[in-house]
Amino acid sequence: MSIHPLAGFSFRTDQSLQHQLRQALSQKILNGEIAAGTQLPSSRKLAQDLGLGRNTVTMVYDQLKQEGLIRSKQGAGMFVSEGIQARFQSEQGLENLEMADLPPISNSSQKLLKTPVSSQAASLPFAVGVPDLKAFPDKIWNRLQRAANQRPHLLGYTGIQGLLELRIAIAEYLQLSRAVKCQPDQIIVTAGAQAALSLVSQTLLNPGDKVLIENPGYQGAMRAFSSRPCNLEAIPLKNSKLDISKLPSRTHAKLLYCTPTHQYPLGGILDSSERLQLLHWARQHNIWLLEDDYDSEYHFNSKPFPAIQGMDTRSPVIYLGSFSKTLFPALRLGYLVVPSQLVDVFLHAKRNMSGETSPALEATLAEFISEGHFYRHLRKMRTLYHTKWLELTQLCETYLQGYASILASQAGMHMVLTFDYPNDKTAVNELVALGVHSKPLSNYFLPDIKEATDQNNGLVIGFGNTPTRLMPELVHKIRLVLTQSH
């Protein structure tokens with residue numbers, strides 16, 4: 001005997017009637033309110049009772065049949081399927097499982113479980129790594145993007161290496177501004193710097209290989225190499241840059257990662273003599289150099305030294321760049337410059353790892369560069385960030401004297417403050433509660449490896465996307481937190 005399955009049910013006006021009816025019936029079947037084997041009303045009867053068109057009910061019944069929730073008996077009508085509720089309730093029970101009840105995950109993922117995912121909002125003032133988004137020429141960009149979206153071939157697959165027009169534009173830019181020696185066919189476009197780091201790790205390194213890395217250094221690089229997983233060995237800094245004298249005289253390391261043009265996060269710069277020493281050491285030990293040219297565009301008082309990659313093409317250098325800081329993070333476009341002999345193997349690895357990047361975005365960026373907008377934007381932002389750096393420097397020197405010291409760095413979009421506060425992570429949490437973003441300097445050191453040559457406690461604060469009018473209040477909040485420890 002059939003029953004009315006939706007007694008008292010009322011429909012809303014913000015969703016289609018068919019969708020609501022399907023949702024209501026399936027929910028009642030799965031949670032057992034309509035028991036297995038129950039006969040449902042005919043489509044005509046249910047439509048009449050609910051004030052619906054019969055076609056609406058028929059389509060819902062057909063969908064539920066396809067999903068296996070109901071079945072039809074010739075000449076008898078529609079019935080709730082047997083066993084579906086027990087299977088659903090069994091699946092629901094999985095929500096309460098512990099990790100130990102699930103199949104095993106990889107060893108590297110086991111380590112990741114011990115690391116909390118940052119929940120700090122990057123939209124807060126002093127967020128690290130965020131450029132001034134309001135200064136971006138979005139009208140020009142949107143015009144170019146609309147034009148790219150109207151090119152039908154960009155809606156399909158255009159090639160794993162990246163659009164040729166973008167690779168030509170990047171090669172010309174690197175040759176002109178960074179003295180990088182490369183051809184467009186040596187450039188591989190990636191979905192940002194992190195994807196580029198992972199691609200290098202996948203292509204050049206075996207699990208267990210040793211990787212040398214600056215300490216303190218870029219957390220994204222540490223994550224990429226650790227996930228392979230590789231063994232990280234710290235190379236300390238001196239005067240806020242890689243200490244060349246500390247490079248091992250004997251090593252089985254496969255790769256050295258460095259940020260020679262603006263050390264991240266402390267901001268030192270390797271001079272030409274140090275760069276040549278680093279190249280000689282890499283050739284002598286047959287080690288890859290991964291040159292991350294972080295913030296090379298934003299040197300305020302002088303031009304940056306030429307890239308290491310262009311100093312000697314015989315050297316094993318991989319060059320890494322990104323547009324996240326120069327344009328905007330959501331663009332998610334970066335690139336690698338690799339030796340010609342390795343292009344094919346990098347492309348195979350990229351195909352396996354991530355596939356193609358967005359052709360339409362690549363075309364938009366290519367036009368943005370070739371029409372000169374990129375160069376004009378860089379000149380504008382270099383002046384803007386210098387102004388912000390001067391303002392923040394003066395405020396910190398005035399209001400934080402005796403509480404914190406500035407690590408001098410005349411480049412980039414962030415500043416590092418060091419202090420004797422007992423715990424910089426505590427300071428960061430207290431600042432977040434006051435609406436101020438920052439990162440603890442101690443997080444940039446390899447675990448359990450802290451160098452006495454540089455202070456470990458401090459704040460990394462980004463000024464790129466923070467208006468100067470807000471800076472006095474923000475610095476006062478930093479002072480408030482730091483004075484609590486004195």
Side-chain angles (χ1 to χ4, degrees), residues 162 166-190 192-193 196-197 199-200 204 212-214 217-218 220-221 235 237 240-242 244 247 255-264 266-283 287-327 333-343 346 369 374-375 378-379 381-382 409-413:
L166 176 58
R167 290 187 281 118
I168 290 174
I170 292 174
E172 291 176 349
Y173 163 70
L174 292 178
Q175 292 163 7
L176 176 66
S177 67
R178 302 296 300 118
V180 171
K181 295 178 182 178
C182 68
Q183 298 300 320
D185 61 6
Q186 291 177 253
I187 295 173
I188 298 170
V189 181
T190 65
L197 286 165
L199 182 56
V200 169
L204 300 184
L212 306 179
I213 192 166
E214 300 164 327
Y218 180 46
I235 304 297
L237 307 185
S240 298
K241 58 185 176 180
L242 184 72
I244 301 297
L247 292 172
L255 179 146
L256 183 145
Y257 168 86
C258 61
T259 50
T261 304
H262 184 223
Q263 200 282 330
Y264 190 77
L266 299 190
I269 303 170
L270 291 181
D271 62 30
S272 296
S273 174
E274 292 167 322
R275 290 168 187 244
L276 288 172
Q277 291 179 61
L278 181 57
L279 279 171
H280 176 73
W281 175 87
R283 284 198 303 269
I287 288 176
W288 288 105
L289 289 182
L290 178 53
E291 178 182 11
D292 188 343
D293 212 20
Y294 178 83
D295 270 350
S296 65
E297 295 87 356
Y298 296 139
H299 283 248
F300 305 140
N301 296 328
S302 63
K303 288 186 177 181
F305 288 91
I308 291 178
Q309 189 274 355
M311 298 180 76
D312 187 348
T313 55
R314 298 170 300 165
S315 299
V317 181
I318 306 289
Y319 182 93
L320 186 156
S322 168
F323 295 97
S324 294
K325 307 298 185 295
T326 52
L327 298 180
L333 285 179
Y335 55 89
L336 292 169
V337 179
V338 305
S340 300
Q341 300 90 331
L342 292 186
V343 170
F346 266 87
I369 297 173
F374 182 63
Y375 299 93
L378 287 182
R379 287 195 295 268
M381 301 311 291
R382 191 178 294 117
S409 171
Q410 306 229 348
M413 303 186 302

I need the [X] [atom1] to [Y] [atom2] distance, nearest 0.5 Å.
{"X": "Leu199", "Y": "Leu204", "atom1": "CG", "atom2": "CG", "answer": "8.5 Å"}
{"X": "Ile269", "Y": "His299", "atom1": "CD1", "atom2": "NE2", "answer": "4.5 Å"}
{"X": "Ile369", "Y": "Leu378", "atom1": "CD1", "atom2": "CG", "answer": "9.5 Å"}
{"X": "Ile213", "Y": "Ile235", "atom1": "CD1", "atom2": "CD1", "answer": "10.0 Å"}
{"X": "Ile318", "Y": "Leu342", "atom1": "CD1", "atom2": "CG", "answer": "6.0 Å"}

Is there side-chain contact between [X] and [Y], with at least one heavy-atom pair below 4.5 Å?
{"X": "Asp185", "Y": "Val343", "value": "no"}
{"X": "Pro260", "Y": "Leu278", "value": "no"}
{"X": "Val337", "Y": "Ile170", "value": "no"}
{"X": "Leu247", "Y": "Leu256", "value": "yes"}
{"X": "Val189", "Y": "Arg167", "value": "yes"}
{"X": "Leu166", "Y": "Ile187", "value": "no"}
{"X": "Phe374", "Y": "Thr326", "value": "yes"}

Practice item. Only counting residues at least two apart or in another chain, list the ones meeting salt bridge (Lys or Arg N to Asp or Glu O under 4.0 Å) with Arg283. Key: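 Scan of Arg283 (salt bridge (Lys or Arg N to Asp or Glu O under 4.0 Å), adjacent residues dropped) gives Asp312.
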Check your understanding: For the side chain of Glu214 and the backbone of Gly217, is there at least one donor-acceptor N/O pair under 3.5 Å apart?
Key ->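 A pair under 3.5 Å: no.
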**Study point:** Check: Asp271 main-chain N/O paired with Glu274 side-chain donor or acceptor under 3.5 Å
**Key:**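 Checking the backbone N and O of Asp271 against the side chain of Glu274, a donor-acceptor pair under 3.5 Å is found.
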Practice item. Tell me, with the steps shown, if Gln186 and Tyr319 meet side-chain hydrogen bond (donor to acceptor under 3.5 Å, both in side chains). Key: CA-CA 10 Å; Gln186 291 177 253; Tyr319 182 93; over 6 Å; no
Check your understanding: Under 6.0 Å between ring centres, would you say that holds for Tyr218 and Tyr294?
Key ->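 No.
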What heavy-atom pair brings [X] and [Y] nearest, and what distance separates the two atoms?
{"X": "Gly412", "Y": "Phe300", "answer": "O-CZ, 3.3 Å"}
{"X": "Pro316", "Y": "Ile287", "answer": "CG-O, 3.2 Å"}
{"X": "Gln183", "Y": "Ala171", "answer": "C-CB, 4.4 Å"}
{"X": "Val317", "Y": "Leu279", "answer": "CG2-CD2, 3.8 Å"}
{"X": "Met311", "Y": "Arg275", "answer": "SD-CB, 3.7 Å"}
{"X": "Tyr257", "Y": "Thr259", "answer": "OH-CG2, 3.6 Å"}

Check your understanding: Partners of Ser324 by side chain to side chain contact (heavy atoms under 4.5 Å, CB included), sequence neighbours excluded?
Key ->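 By the side chain to side chain contact (heavy atoms under 4.5 Å, CB included) rule, Ser324 matches Ser322, Arg332.
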Point to revise | side-chain hydrogen bond (donor to acceptor under 3.5 Å, both in side chains) involving Trp288 - partner list, sequence neighbours excluded | key: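 Trp288: no side-chain hydrogen bond (donor to acceptor under 3.5 Å, both in side chains) contacts found.
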Check your understanding: With sequence neighbours left out, what residues match Arg178 under side-chain hydrogen bond (donor to acceptor under 3.5 Å, both in side chains)?
Key ->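 So Arg178 forms a side-chain hydrogen bond (donor to acceptor under 3.5 Å, both in side chains) with Thr261, Asp293, Ser296.
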Practice item. Name all residues meeting the ring pair (Phe, Tyr, Trp, His ring centres under 6.0 Å) criterion together with Phe305; count only those two or more places apart in sequence or in a different chain, and write none if there are none. Key: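 With neighbours one apart ignored, the set is empty.
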Exercise for review: Only counting residues at least two apart or in another chain, list the ones meeting ring pair (Phe, Tyr, Trp, His ring centres under 6.0 Å) with Tyr335.
Suggested key: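 Result, ring pair (Phe, Tyr, Trp, His ring centres under 6.0 Å) vs Tyr335: Phe323.
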